[in-house]
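Before any comments, here is the structure.
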Protein chains: 2
Amino acid sequence: MGLNTRKQQVLEAIVESHIITAEPVSSRSIARKYRLGVSPATIRNEMSDLEEMGLIEQPHTSAGRVPSQPGYRYYVDRLMKKINLTSREERIARALFAQKAKVLANVIQSTIKTVTQLTDYLVLLSGPQLENAALKTIKTIPLTPDEALVVIVTETGWVESKVVDLPSGLAADDLEYIENVLNTYFRGLTFPQISRTILNNVYDKLIKQRQVLDRIMEVVEALLQENEDEVIYLGGAQNILKQPEYTDIAAVRNLMSFIEDEGILRRILHKTNPRKVTVMIGREINYDPAAGYSVVSSVYSIGGNVVGTIGLLGPMRMDYARAMAVVEYTTGILSDVLSGDAFF
Amino acid sequence: MGLNTRKQQVLEAIVESHIITAEPVSSRSIARKYRLGVSPATIRNEMSDLEEMGLIEQPHTSAGRVPSQPGYRYYVDRLMKKINLTSREERIARALFAQKAKVLANVIQSTIKTVTQLTDYLVLLSGPQLENAALKTIKTIPLTPDEALVVIVTETGWVESKVVDLPSGLAADDLEYIENVLNTYFRGLTFPQISRTILNNVYDKLIKQRQVLDRIMEVVEALLQENEDEVIYLGGAQNILKQPEYTDIAAVRNLMSFIEDEGILRRILHKTNPRKVTVMIGREINYDPAAGYSVVSSVYSIGGNVVGTIGLLGPMRMDYARAMAVVEYTTGILSDVLSGDAFF
DNA sequence: CTTAGCACTCCCCTAATAAGAGTGCTAATT
DNA sequence: AATTAGCACTCTTATTAGGGGAGTGCTAAG
């Protein structure tokens, strides 16, 4: 779509104005606020052309224009200038990640908190997945005669724990012995490697304690499983009520009902391009109830391996430049924190 | 307030009808649905009296009547019949608690999930607090040269963990030695006992590793602190949109803004009577923005010690009987689970 | 004491009207 | 040939007015 300079300027003005005001944009307001050096009548002619091209549309005969989904797409791809967070905002974001603890729940919580402070959109957070992390230590802590806590530590400093049931009549020594064997055989391996290949090997050494081992492997697998199922965490639901499109309850309900479907959210986040910040606009999301929304997302990684995604969901009228800056920056520091290259 | 039988019947009819319909109740609808054997005119006379007593009120001259805050109070205290959950509902609730793991995050999550499934109100959950739990084991797991995971297990099977920074140049032996000393001295004591009395004692034994000990005690105290600050967890925010009073966005915003203030929620839950299910109606909450809401709450305990509260927040027009049954039942099984008397 | 009957009040829905914003077209201007 | 001033036209939104209806309060009769 080859647009001459002025058409581009008009489209840009319409998108940016509508992002701010959430109202249809009139020719006169463009002439006033963006000095294009032409009269409203000229702008009206350009608008008429842009509408014919499908880049903008008119809510009704005598209203201003609103960007269409292709219009936003054109804007994001060709007109929008990339922005960065202010150094103050970057400081806020870094401060929230300053904790060293890499317990899943903590990291998720601070990430969501950070991102909700930086935007008024709904935050979608997937992962992090342990799949590619190498095991460092497995520890067991007896709790009761028939329960023990299994703690798993990865090379990347990731800590997960879970309570397991033990078969009755298990000596304390047994547990310790198992722990030793597991540590010897599994150290340095990733979880898929553990569960797929070496398992039989270890079973031989531990025939006596097979039942316990089974339980512990169940835990390891459960942890993996959780990550394959990839729970999606949500945040900022209050925030999004600040957006003017959610002034009637029907819109809120519609939003709520569709974000309750985790499967959909997962599918949406999975469409994120691992190599750059991804923007999905309206129908591009490919899911009817989400037609009025957009998602800006970016992956984060541990030591180069993608482990999760941060997404921002908002109305199509999103501040794309800002949303992109936020997810880019937060996935960046999250990757650093998780990879252990923290710069604090 | 001595009400004759018929006045009580009329009040009961008004409250129960309004709880169901959310609309003002007319004399005629009472005569039709509740067979009191009198005409609407007679009921109107009674209503007039009830209004004079302040138990019901009229939104406007030609509307039916709506219960007032004292009216709900009278109903809850004197008219309402206590109900129980159906056995099917009880099964649902128990199933969700069937997991053995007593990791804080898990218990909180299943509790909230359970209660949101049983009601359409907002769920407030405080605690559980470790304050009164006796220590069973402290374990340390080295992660990196300068970080370790500290795991604390209580006699009640409670597990908490946190990552601590270590001073540089600490030998692995040191950590193990500290662990031993701590376990020897602290086993069986509650956290307040630990931090208040014995501390100096242990310090003598561990002069060499004082720095590490300081760090570990910081963690113990942080855990206590967290519980003194008593985080309030929320659930069911979507649920409450089902209530007809929240069909306009202003009501939703009002609700949202006041539940964002954790201090208030904490104060409200703290007013729960530890010996029975507590109902706070409208202005009884003693907080202006909450004047239109009610809270039904009940505490739960570990081995007889109160450790937390479950509350349901909804419009004044709440189904009190049901809400009371829900919090009573869930705090009951929660106490059992936490005290280790699980009956599964 | 109860109740039928009726006037009265107030809400809520609908239709009608006015005001306003913005366009599209035409004709004049550069 | 492109731009623009001017104006008629359209559609929305806000306001007002009126009718219908629900429900009460009062009065007088049972």
Side-chain angles (χ1 to χ4, degrees), chain A residues 2-11 13-15 17-18 20-68 71 244-245 247-248 250, chain B residues 2-11 13-15 17-18 20-68 71 244-245 247-249:
Chain A
L3 298 189
N4 65 38
T5 314
R6 196 168 61 199
K7 282 197 173 48
Q8 292 193 346
Q9 289 175 319
V10 171
L11 178 57
I14 291 174
V15 173
S17 175
H18 186 249
I20 296 169
T21 63
E23 299 291 332
V25 183
S26 75
S27 56
R28 202 166 148 264
S29 75
I30 293 179
R32 213 183 320 113
K33 280 183 274 180
Y34 301 75
R35 337 212 101 275
L36 305 186
V38 291
S39 74
T42 308
I43 294 174
R44 277 204 289 282
N45 288 330
E46 300 289 19
M47 286 165 105
S48 189
D49 293 349
L50 287 169
E51 179 160 20
E52 195 141 316
M53 295 181 214
L55 295 171
I56 57 179
E57 42 197 34
Q58 227 173 348
H60 57 85
T61 334
S62 71
R65 298 309 206 294
V66 164
S68 66
E245 14 274 291
T247 40
D248 78 296
Chain B
L3 297 190
N4 64 40
T5 314
R6 197 169 60 198
K7 280 197 175 47
Q8 292 192 345
Q9 290 176 319
V10 171
L11 179 56
I14 291 174
V15 172
S17 175
H18 186 250
I20 295 168
T21 63
E23 298 292 330
V25 183
S26 73
S27 55
R28 203 165 147 265
S29 74
I30 293 179
R32 211 183 322 114
K33 279 182 275 181
Y34 301 76
R35 333 212 104 275
L36 305 186
V38 292
S39 74
T42 308
I43 293 174
R44 278 205 287 284
N45 289 330
E46 300 289 20
M47 286 166 103
S48 189
D49 294 349
L50 287 169
E51 178 160 21
E52 195 142 315
M53 295 180 213
L55 295 173
I56 58 178
E57 43 197 35
Q58 227 173 348
H60 58 83
T61 333
S62 72
R65 299 307 208 292
V66 163
S68 67
E245 13 276 291
T247 40
D248 78 296
I249 204 81

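Each chain gets a letter, A, B and so on, in the order its sequence line appears, and its residues count up from 1. Values below: all heavy atoms of this structure, side chains included; hydrogens, waters and symmetry mates excluded.
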Under 3.5 Å, which protein N or O atoms sit close to an N or O of nucleotides 18-20 of chain D? Give each pair with its distance.
none

Determine: side-chain N/O of A:T42 to OP1/OP2 of D:dT4, distance under 4.0 Å, yes or no.
yes

Can you sort out the partners of A:R28 under side chain to side chain donor-acceptor pair (under 3.5 Å), two or more places apart, ordered by chain and number?
none

I'd like to check A:M47 versus A:I14 (side-chain heavy atoms, cut-off strictly below 4.5 Å). Are they in contact?
yes

If you take any heavy atom closer than 4.0 Å to DNA chain C, which residues from residues 28-37 of chain B end up in contact?
none

Separation of atom CD in B:E23 from atom P in D:dA22, rounded to whole Å
13 Å

The complete set of side-chain hydrogen bond (donor to acceptor under 3.5 Å, both in side chains) pairs with one or both residues in residues 57-68 of chain B, sequence neighbours excluded, reads B:E51-B:R65

With respect to the phosphate group of D:dT3, does any side-chain polar atom (N or O) of A:R6 fall under 4.0 Å of OP1 or OP2?
yes

Mind checking what makes side-chain contact (heavy atoms from CB on, under 4.5 Å) contact with A:S48, not counting sequence neighbours?
none

B:S62 side-chain N/O to C:dC10 phosphate OP1/OP2 under 4.0 Å:
no

Please tabulate, one pair per line, each protein N/O and nucleotide N/O from nucleotides 24-28 of chain C that are separated by under 3.5 Å, including the distance.
residue: C:dG24; atom: OP1; partner: A:R65; partner atom: NH2; Å: 3.2
residue: C:dG24; atom: N7; partner: A:R44; partner atom: NE; Å: 3.0
residue: C:dG24; atom: O6; partner: A:R44; partner atom: NH2; Å: 3.1

Closest-nucleotide mapping onto DNA chain C: is A:S27 or B:H60 further toward the 5' terminus? I mean the 5' end.
B:H60

Residue set satisfying side-chain contact (heavy atoms from CB on, under 4.5 Å) with B:S39, at least two apart, ordered chain then number -> B:A41, B:T42

Quick one: salt bridge (Lys or Arg N to Asp or Glu O under 4.0 Å) partners of A:D49, sequence neighbours excluded?
A:K7

List for me each residue that meets side-chain contact (heavy atoms from CB on, under 4.5 Å) alongside B:T21, sequence neighbours excluded, and say none if there are none.
B:S17, B:E23

